[in-house]
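What follows is a single structure, written as structure tokens, with notes after it.
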Amino acid sequence: MNNIHVKLPEGKTAEVSPGLKIQDFMSTLELNGTVIAAKIDGLPVDLDRSLSMDCTLDWIPLNSPEGLSILRHSTAHLMAQAVQSLFPGTQVTIGPTIEDGFYYDFKRDKSFTPEEIGKIEAQMQKLAGLDLKVTREEMPKEEAIKLFHQMGEEYKVAILTDISEETVSLYRQGNWVDLCRGPHVPSTGIIQAFKLTGVAGAYWRGDEKNEMLQRIYGTSFPSQELLREHLHLLEEAKKRDHRRLGRELDLFSFHPIAPASPFLHPKGTIIYNELISHMRQLYLRFGYQEVITPQIFDVNLWRQSGHYDHFKENMFFTHIEDREFGVKPMNCPGHTFIYSAKKRSYRDLPLRLADFGRLHRYEKSGVTAGLTRVRTFSQDDAHIFCAPEQIEAEMTDLLKMFREVYETFQFNKMQVKLSTRPEHFIGSPETWERAENSLAQSLKKSGIDYQVNEGDGAFYGPKIDFVVTDAMRRGWQLGTIQLDFSMPERFDLTYVTAAGSEARPVMIHRAILGSIERFMGILIEHTAGAFPLWLAPVQLKIMTVTDKQKVYAQKVYEDLKTAGWRTELDDRNEKLGYKIREAQVAKVPYALIIGDREMRDQTVSPRRRGGENLRSMSVKDFADILKLEIARKSGELQ
RNA sequence: GCUGGCGUAGCUCAACGGUAGAGCAGCUGAUUUGUAAUCAGCAGGUUGUAGGUUCAAUUCCUAUCGCCAGCUCCA
């Protein structure tokens with residue numbers, strides 16, 4: 001038989017005899033690092049795969065993203081093997097790789113206790129220590145169904161039934177076998193550094209109508225060191241958790257008396273109000289008018305708007321004088337009444353109404369979390385009533401505004417998603433198409449890259465969602481722009497065109513920060529609580545070195561306070577280092593040190609949060625620096 | 001809502017069938033201090049709530065509320 005030609009990375013070609021296993025071929029080469037799988041013509045395969053024809057061969061090293069994913073998938077198998085050896089009768093279902101780890105869902109009547117998780121980990125160590133060979137075999141689907149049926153693995157049978165291919169692959173390690181596409185590590189000994197990180201219930205096929213399975217989460221790394229690093233990173237993220245910082249910095253609290261409803265403390269309220277006043281400044285520039293609308297409406301409003309049908313289980317209701325009222329979960333229906341309070345002309349459009357009104361949504365217990373999912377909140381909400389032909393111009397303005405806002409908060413990476421017509425929709429397909437096109441058009445015109453989420457739009461119109469990346473490289477969906485043809489219809493909104501005929505306006509729902517509360521939570525984690533000067537609840541902390549400077553410090557304090565700076569005075573009889581530390585821990589942007597020298601020269605010595613010392617200067621000079629920093633609204637991220 | 005875990009002083013945690021202890025924070029006093037913690041003393045708790053088992057419950061059991069991790073949902 002003729003030899004075959006194998007193209008290797010870096011352009012080399014090797015001639016090998018057909019049937020040679022990749023791993024045997026590998027041993028003839030000098031490879032750097034650990035290769036745990038390979039690619040034949042771009043398709044990932046196991047190392048025990050035989051080379052049968054001319055091909056291009058690539059290596060998948062353990063420390064590559066693909067290699068890591070294979071390692072984790074194999075670790076999931078190792079875990080499943082451990083579970084089934086320890087708890088016979090437990091059925092396996094699926095066990096995919098996820099970001100930073102993997103999970104495996106099991107069918108077992110009892111859930112796994114922490115002690116059992118420990119045992120599973122130990123068993124995994126043992127199985128890894130045996131360095132079991134992981135081998136692939138293929139068989140006809142029907143045969144596999146029989147096999148898994150015999151084994152009592154009914155979930156695997158269900159998965160197999162849904163597979164369209166006629167041949168499926170199985171992986172064996174020791175006496176354990178699983179249905180899997182692969183590839184996998186060549187032997188279990190490669191799996192060294194792993195940890196099981198959690199247990200949780202999960203519905204079979206992600207449907208809450210299905211039975212609940214027991215999910216075990218875990219993660220796996222090429223080395224103990226990398227695993228430790230990862231766990232350390234998790235610890236760091238915990239330190240930035242806004243719930244923890246919210247308490248430590250005295251920003252907000254929660255109480256069982258009002259579940260999932262934040263109490264904003266004075267310092268948290270400053271941030272909240274600064275965020276709103278920041279948006280108000282933009283509204284002035286972008287032509288918005290702020291309105292205030294009722295909190296509670298007759299349920300008929302919610303019937304008319306369609307929210308009652310779709311979301312009544314998420315609304316709060318109250319009954320009085322034989323009328324039923326619903327607490328508003330959103331502002332838009334209220335705004336239609338301002339629109340239609342008088343006869344509108346095309347000259348009124350676009351009409352941009354902004355509302356920071358408090359909203360209440362009954363979020364199911366179990367889904368709420370800190371500030372990021374609450375039952376009462378407000379949004380930087382606005383509705384733009386415009387003529388259909390104005391959509392594109394409005395969009396251009398909006399995109400500009402969105403970008404500007406996110407840049408201010410140093411969310412420098414922004415991902416944009418355009419969601420199109422869903423299965424169930426209202427309005428005509430033509431209107432939808434026109435709307436989707438104008439959204440896409442404006443995005444392109446503004447030079448914004450976006451991805452299309454087919455069929456993910458709201459039932460009343462297409463939308464654009466904005467996802468930003470924070471300092472911990474986590475994505476957060478913040479803003480949204482939604483076109484709405486339904487609400488103007490339902491509330492019979494009209495305007496008189498230039499030609500004198502009646503026409504239907506379009507409504508654009510939009511929020512940039514989204515929920516202010518949630519945005520605060522995200523911002524706290526993004527900045528690690530070290531807010532830029534303009535947002536900092538306490539901007540300056542004046543501290544004396546000894547009691548001798550008390551009077552002068554008091555005067556400096558009064559001056560800065562009168563000038564409008566949020567200032568605190570620390571003239572306690574404590575050592576300077578102690579005071580500095582407190583200010584630093586409280587993440588106050590500037591500490592102003594006042595000792596004998598400053599008193600003599602009538603100056604202050606500013607120290608920036610983080611340790612940088614500025615030269616001594618007069619209060620006036622310092623205030624100028626502050627003003628500049630405020631004007632830029634900038635700040636370094638920690 | 002579902003699965004599991006956890007509720008002890010303001011915070012972080014200890015004690016574990018014999019009615020609770022530390023550090024930090026707080027208060028008082030001493031110290032007068034120059035860029036991330038001076039020392040000493042004092043005070044602080046119906047052990048989330050309600051039942052039950054027991055001679056005795058913070059500890060064991062049940063229910064309930066809340067929080068946490070996921071799942072489902074998110075106009």
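Hydrogens, waters and symmetry mates are skipped; everything else that's a heavy atom, side chains included, is used.
For the salt bridge (charged side-chain N to carboxylate O under 4.0 Å, His left out) with A:E363, the lone residue among A:R518, A:R375, A:R373 that qualifies is A:R373.
For the pair A:R215 and A:Y103, the cation-pi criterion (under 6.0 Å, within 45° of the ring axis) is fulfilled.
Nearest-nucleotide mapping onto RNA chain B: of A:L213 and A:R247, the residue sitting toward the 5' end is A:L213. A residue-by-residue look at A:E582 and A:I257 shows that A:E582 has its nearest nucleotide of RNA chain B further toward the 5' end.
The shortest distance between the side-chain N/O atoms of A:R608 and the OP1/OP2 oxygens of B:rU35 is not below 4.0 Å.
Atom name C1', nucleotides B:rA69 and B:rU62: the rounded distance is 25 Å, in whole Å. With both ends at atom P, the span from B:rC55 to B:rC65 equals 32 Å, rounded to whole Å. B:rU28 and B:rG21 are spaced 23 Å apart, taking the C1' atom of each and rounding to whole Å. Comparing the same atom, P, in B:rA57 and in B:rU3 gives a spacing of 32 Å after rounding to whole Å. The gap from the P atom of B:rG7 to that of B:rA14 amounts to 9 Å, rounded to the nearest Å.
Within the structure, the ring-ring contact (aromatic ring centres under 6.0 Å, His included) test picks out no pair touching residues 594-615 of chain A (sequence neighbours left out). Sorted by first and then second residue, the pairs that involve residues 362-382 of chain A and meet ring-ring contact (aromatic ring centres under 6.0 Å, His included), not counting sequence neighbours, are A:F316-A:Y362.
The pair A:E394-A:R510 does not meet the salt-bridge criterion, since no charged nitrogen lies less than 4.0 angstrom from a carboxylate oxygen.
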Per-nt protein contacts along nucleotides 67-75 of chain B (heavy atom under 4.0 Å; B base, S backbone sugar-phosphate only, - none) come out as SSSBBBBBB
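Among the heavy atoms of the strands, none lies under 4.0 Å from A:E313.
For B:rG10, its base never sits under 3.5 Å from the side chain of A:E248 at any donor and acceptor pair.
Candidate nucleotides B:rU3, B:rU35, B:rA36 were compared by shortest atom distance to the side chain of A:N613, and B:rU35 ranks first.
Counting non-hydrogen atoms of neighbouring residues, nucleotides and ligands closer than 6.0 angstrom, the CD atom of A:E313 exceeds 12 such neighbours.
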